[in-house]
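In what follows, chains carry the letters A, B, and so on, assigned in the order in which the sequence lines appear, proteins first and then strands, with residues in each chain numbered from 1.
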Amino acid sequence: MLRIYNTLTRKKEDFITLQPNVVKMYVCGVTVYNDAHVGHAMSALVFDIIRRYLEYRGYKVQHVMNYTDVDDKIINRANQLKVDPFSLAQRYIDDYAQNLKELNVLPATVNPRATQTMDEIQSMVKGLIEKGYAYAASNGDVYFRVTKDKEYGKLSGRKLEEMQAGARIEIGEAKEHPMDFALWKAAKPGEPAWDSPWGKGRPGWHIECSAMNLKELGEQIDIHGGGNDLIFPHHENEIAQSESFTGKPFARYWIHNGMLQLGGEKMSKSLGNIVTIKEFLSKHDADVMRMIVLNGSYRAPLIYTDEVLDAAEKSLDRLKSGLRPAAPSAKGLNADFVSVLDKQSEATQQAFISAMDDDFNTPLAMAALFELVKAINTARDNGATDAQLQRAQATLRELTGVFGLRLAEKKGSSEQEAQITALIAERNEARKQKQWARSDQIRDQLKEMGVTIEDTKDGTSWRWG
RNA sequence: GGCGUCGUGGCCAAGUGGUAAGGCAAGGGUCUGCAAAACCCUCAUCACGGGUUCGAAUCCCGUCGACGCCUCCA
């Protein structure tokens, strides 16, 4: 039984879907006004891993990830760059989609956008006004009336009275209550605007997600996800809007990932301590980022340092070592050893599932994979043939695949490979004649080319890295 | 100030009542001409102080510290 930690109840709960075998999952995407950074990658990877695991467990996942393509920051940035806000947003949507693809994140079932959900947004605002949950203010804005929602604050664990103390009341706002938030914002001159019953304007940030959920998944969904920095106010407000509008419980499970930290602080655009996904991928394989995420629990802060990066790279190599072929001279294991290895495959698969069933405990699941790697390598060292390794390696492949790891070996061009083969032949000739200086020199040369060689009793093998 | 999460070996990180998984790093060994890889061995009593219990990293209280949210934010 899969159990998931639910932010709403602050407990792990059994995962029971609204419809059998179907998961409706909505994950908050990004506001597209700038390059996405590895913190965004973390969130995308966390939910990609969750999705892959749900699919592995036999669920059909309807995965929705939105793009916020109209808001203050986009408008400001567009003004700064003197470009059209819509084309700016489009550019960063394309970039982000490309980032995700390179990170091996499965594409969402749909990627709705605020600007393409305008009808649904407006009818929702209208409905909330009719039910008394919202009001059009004198300044042209429409606000949600938080005092009307008795449950307001239930996700973030706050009470309206407590929040008022810290609330910032901006002069000129026409709110009834300082915590009321905008569903619709009146347009200022020069800003993108849509016609509405309340005059020209654009949607507030929170309403788009409520509207997109309704449009793409219906009134009730199974999982709603995002970074834990969205718990308040974004998700709190989403619940308020959606439940006030439909009169039904909105999302069953609220899942929030921890923040990626660089230098002891949350990585964020406003703090400026950023490593973009593009920068990361120019230096490292996508698997490395995934490995960093898998090494920790998704709810905890993720520490990002050079040391962590290095460890992730090395542990990835270790996983890959389990996939290497048998030695050419392998004589084969006896049946008892083969059955030990096959038992380990089974044990690892079970351990993997039980770890993942416990709120997606990836570090524990990963430990099971390393056990399998060790068993495979031991078997290989003891002369197992490819056929005998096959089952265990297939299990390793399958489970790392659930994690979304590619574990691809680097490939060079055929010219490069020919050159490498030639150098190795030359070196082996030198070794035969015990010309160690020459042979070591060639090895250094190969190292510089990024090639590592290994001399075994079956000859010399090589690989990139 | 309020709300919340957390503090496990050199680094990252599981474990939430029965005497500390895993990865990286480090040291020793097997193998090797030397390496590399793989394998074997070694390496923590869980921020601090009280308490509950036969027994606590794990529950309770306190102290110190970190981080997140309270304003845009994955």
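- Where A:Tyr5 and A:Leu316 each meet RNA chain B at their nearest nucleotide, the meeting point lying more 5' is that of A:Tyr5.
- Listed nucleotides B:G10, B:A74, B:A25 differ in distance to A:Lys314; the shortest reach to its side chain belongs to B:A25.
- Between A:Trp464 and A:Lys411, the shortest heavy-atom distance links the atoms NE1-C, 3.8 Å.
- A straight line from CZ of A:Phe403 to P of B:G22 spans 16 Å, rounded to a whole angstrom.
- The C1' atoms of B:G15 and B:C59 are separated by 16 Å, rounded to the nearest whole Å.
- When each of B:A36, B:U5, B:G23 is scored by its nearest atom to the side-chain atoms of A:Arg10, the top-ranked nucleotide is B:U5.
- For B:C72, the base has no donor-acceptor partner in the side chain of A:Asp71 [N/O atoms by modelled type, under 3.5 angstrom].
- When the C1' atom is compared between B:A21 and B:A44, the two are found 13 Å apart, to the nearest whole Å.
- Across all strands shown, A:Leu230 has heavy atoms under 4.0 Å from sugar-phosphate atoms exclusively, and none from any base.
- Under the 4.0 Å criterion applied to side-chain N and carboxylate O atoms, A:Glu346 and A:Lys343 are not assigned as salt-bridge partners.
- B:C11 and B:A26 have their C1' atoms separated by 12 Å, with the value rounded to a whole Å.
- Within 4.0 Å (heavy atoms only), A:Met267 reaches at least one base atom of the nucleic acid.
- Rounded to the nearest Å, the gap between the P atom of B:C48 and that of B:G9 is 10 Å.
- Residue contacts shown for A:Pro301 are limited to sugar-phosphate atoms, with no base heavy atom under 4.0 Å away.
- Distance A:Leu155 CG to B:C70 P: 13 Å, rounded to the nearest Å.
- Nearest nucleotide to the A:Arg324 side chain, out of B:A38, B:C72, B:A37: B:A37.
- Close placement of the A:His235 and A:His256 rings is indicated, their centers lying within 6.0 Å of each other.
- In this structure, A:Asn228 reaches the sugar-phosphate backbone alone: every heavy-atom distance under 4.0 Å involves primed, P, OP1 or OP2 atoms, never a base.
- Pair assignment for B:G10 gives B:C24, based on Watson-Crick or G-U wobble hydrogen-bonding distances that are each under 3.5 Å.
- When the C1' atom is used for both B:A13 and B:G23, the distance is 8 Å, rounded to whole Å.
- Across all strands shown, B:A56 forms no Watson-Crick or G-U wobble pair with both key distances under 3.5 Å.
- At the heavy-atom level, A:Gln261 lies under 4.0 Å from the strands shown only through sugar-phosphate atoms.
- Within the nucleic acid shown, A:Leu369 has no heavy atom closer than 4.0 Å to any nucleic acid atom.
- Across all strands shown, B:G17 forms no Watson-Crick or G-U wobble pair with both distances under 3.5 Å.
- Counting to the nearest Å, the P atom of B:U71 and the CZ atom of A:Phe181 are 13 Å from each other.
- Residue A:Glu307 has its side chain nearest to B:G10 when only B:G10, B:G68, B:G22 are considered.
- Among the protein residues, A:Gly225 comes within range of no part of the nucleic acid, since none of its heavy atoms lies under 4.0 Å from any strand.
- Rounding to whole angstrom units, CG of residue A:Leu100 and C1' of B:A74 are separated by 11 Å.
- Among the heavy atoms of the strands, none lies under 4.0 Å from A:Arg438.
- Looking at heavy-atom distances under 4.0 Å, A:Met366 makes no contact with the nucleic acid at all.
- B:C34: no Watson-Crick or G-U partner with both key distances under 3.5 Å is found in any strand.
- Remark: aromatic rings of A:Phe250 and A:His224 are close, center separation under 6.0 Å.
- Checking B:C12, B:C69, B:C34 against the side-chain heavy atoms of A:Ile303 singles out B:C12 as nearest.
- For A:Asn377, counting side-chain heavy atoms from C-beta on, the closest listed nucleotide (B:G22, B:A38, B:C34) is B:A38.
- Distance A:Lys159 NZ to B:G4 C1': 13 Å, rounded to the nearest Å.
- Taking the side chain of A:Phe370 as heavy atoms from C-beta on, and the options B:A37, B:C70, B:G23, the nearest nucleotide is B:G23.
- For the pair A:Trp462/A:Ile420, a side-chain contact is recorded, criterion being any heavy-atom separation below 4.5 Å from C-beta on.
- A:Lys457 comes within 4.0 angstrom of no nucleic acid atom, judged by non-hydrogen atoms across all strands.
- Comparing B:A74, B:A14, B:G2 by their nearest atom to the side chain of A:Arg158 picks out B:G2.
- Residue contacts shown for A:Arg318 are limited to sugar-phosphate atoms, with no base heavy atom under 4.0 Å away.
- Counting non-hydrogen atoms under 4.0 angstrom, A:Asn361 reaches the backbone sugars and phosphates but no base.
- If you look at A:Phe15 and A:Tyr253, their ring centroids are closer than 6.0 Å.
- Ring centroid separation for the pair A:Tyr5 and A:Tyr298 does not come in under the 6.0 Å cut-off.
- Judged by distance alone with a 3.5 Å cut-off, a donor-acceptor contact links the side chain of A:Ser439 to the base of B:G33.
- Contacts of A:Ser270 with the nucleic acid, taken as non-hydrogen atoms under 4.0 Å apart, include base atoms.
- Checked for salt-bridge contact, A:Asp285 and A:Arg406 miss the test: no charged N lies under 4.0 Å from a carboxylate O.
- In this structure, CD of A:Gln344 is placed 13 Å from C1' of B:G22, rounded to the nearest angstrom.
- Residue A:His256 is classed as having no contact, given no heavy-atom separation below 4.0 Å to the nucleic acid.
- Checking B:C39 for Watson-Crick or G-U wobble geometry (two distances, each under 3.5 Å) identifies B:G29 as its partner.
- Across all strands shown, B:C61 is found opposite B:G49 as a Watson-Crick or G-U wobble partner, with both distances under 3.5 Å.
- In this entry B:C3 has B:G68 as its Watson-Crick or G-U wobble partner, both defining distances falling under 3.5 Å.
- The separation of B:G28 from B:G65, taken at their C1' atoms, amounts to 38 Å, rounded to a whole angstrom.
- Taking side-chain N and O atoms only, A:Lys434 has no distance below 4.0 Å to OP1 or OP2 of B:C34.
- For the pair A:Phe360 and A:Ile4, the minimum side-chain heavy-atom distance is below 4.5 Å.
- Each of A:Leu260 and A:Asp317 was assigned the nucleotide of RNA chain B with the nearest heavy atom; the assignment lying further toward the 5' end belongs to A:Asp317.
- Comparing B:G33, B:G10, B:C69 against the side chain of A:Asp229 picks out B:C69 as the nearest.
- If you check B:C70, B:A74, B:C24 against the side chain of A:Thr31, the one that comes closest is B:A74.
- Taking atom CD1 on A:Ile49 and atom C1' on B:A74, their separation rounds to 14 Å, with Å as the unit.
- Spacing between atom CD of A:Gln433 and atom P of B:G33 amounts to 16 Å, rounded to whole angstrom units.
- Relative orientation of the A:Phe232 and A:Tyr152 rings is perpendicular, given thresholds of 30° and 60° on the angle between their planes.
- Across the C1' atoms, B:U45 and B:U19 are found 9 Å apart, a figure rounded to whole Å.
- A distance of about 45 Å separates the C1' atoms of B:G33 and B:U8, rounded to the whole Å.
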